[in-house]
Amino acid sequence: MNVKTVESMDKRRYNLLLWQTVSFAIFWPILIVGPYVGDGMAKIVLYSNEGMWIIIFVVATFKLKLLESRISRDPQLNRALNNEMHRFYAYRSVAWGFWLAMGAAFILFYAVRFFHAPIPASEVCLGVMYVGILALKAVQLILNR
């Protein structure tokens, strides 16, 4: 194992995280607003766009898992790329995702209460999940630079 191998694996992991984050950030809002789009061509374009981004998300996730399994099989790569700092970044990003999801739930709860806006529970759940997962992925990208 040399330094170039470690750097290329780390760059590849970062790029896959970037594709995963971007595709999630695009397809999840389409999932939320999809039922409110009118019939016809707009709905076809919207759902075909969503399908494309879901496929990109699934491929990036699959490639990321393959890369992680390759890293975990090689003890030297595992020591170099899955060190304490990487695990700390993973825990930190989960904490950020959790607290931002709780903040989104708090804001949506009080938006319904003060503005008397009837927001369906499914949209609230999807919105909270979107904020939490996107925050987790964004913090992972920021910390793993």
Nearest-0.5 Å distance, [atom1] of residue [X] to [atom2] of residue [Y]:
X      : Y      : atom1 : atom2 : answer
Phe109 : Met102 : CZ    : CE    : 13.5 Å
Leu66  : Ile71  : CG    : CD1   : 11.0 Å
Leu143 : Phe88  : CG    : CZ    : 8.0 Å
Thr61  : Gln20  : OG1   : CD    : 3.5 Å
Leu81  : His86  : CG    : NE2   : 8.0 Å
Phe62  : Leu16  : CZ    : CG    : 12.0 Å

Note to self: Give me the atom names and distance for the closest heavy-atom approach of Gly132 to Ala101.
What the structure shows: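 Between these two residues, the closest heavy atoms are CA-CB, 3.7 Å.
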
Note to self: Show the nearest heavy-atom pair for residues Asn83 and Ala80, with the distance to one decimal.
What the structure shows: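 It is ND2-O, 3.7 Å.
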
Check: Can you check side-chain contact (heavy atoms from CB on, under 4.5 Å) on Arg73 and Ser69, steps first, answer last?
Finding: CA-CA 6 Å; Arg73 275 185 272 142; Ser69 69; 3.7 Å; yes

Item checked: Chi angles and distances behind the side-chain contact (heavy atoms from CB on, under 4.5 Å) call for Gln140, Thr21 -> CA-CA 9 Å; Gln140 267 184 333; Thr21 304; 5.9 Å; no

Do [X] and [Y] sit in the same hydrophobic cluster, where Ile, Leu, Val, Met, Phe, Trp and Tyr count as joined when their side-chain heavy atoms come under 4.5 Å apart?
X      : Y      : value
Met85  : Val139 : yes
Val59  : Leu31  : no
Leu134 : Trp99  : no
Val94  : Val128 : no
Val22  : Tyr14  : yes

Next item on the list: Would you check if Leu64 and Arg13 make a side-chain contact, meaning some heavy-atom pair closer than 4.5 Å?
Entry: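 Side-chain contact under 4.5 Å: yes.
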
Check: So, do Glu68 and Ser72 sit near enough that their side-chain heavy atoms are less than 4.5 Å apart?
Finding: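 The answer is no, as the side chains (C-beta and beyond) never meet within the 4.5 Å cut-off.
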
Next item on the list: Could you tell me how the ring of Phe24 sits relative to the ring of Phe57: parallel (under 30°), tilted (30 to 60°) or perpendicular (over 60°)?
Entry: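 Correct class here is tilted.
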
Next item on the list: Before giving the answer on side-chain contact (heavy atoms from CB on, under 4.5 Å), spell out for Trp28 and Leu126 the whole-Å C-alpha distance, their side-chain angles and the decisive distance to 0.1 Å.
Entry: CA-CA 8 Å; Trp28 198 266; Leu126 289 173; 3.6 Å; yes

Next item on the list: Under the side chain to side chain donor-acceptor pair (under 3.5 Å) rule, what do Asn15 and Trp19 come out as? Steps first, then yes or no, please.
Entry: CA-CA 6 Å; Asn15 287 339; Trp19 275 104; over 6 Å; no

Checklist line | Side-chain donor or acceptor of Tyr130 paired with backbone N/O of Ala25 under 3.5 Å | finding: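 Looks like yes, one N/O pair under 3.5 Å.
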
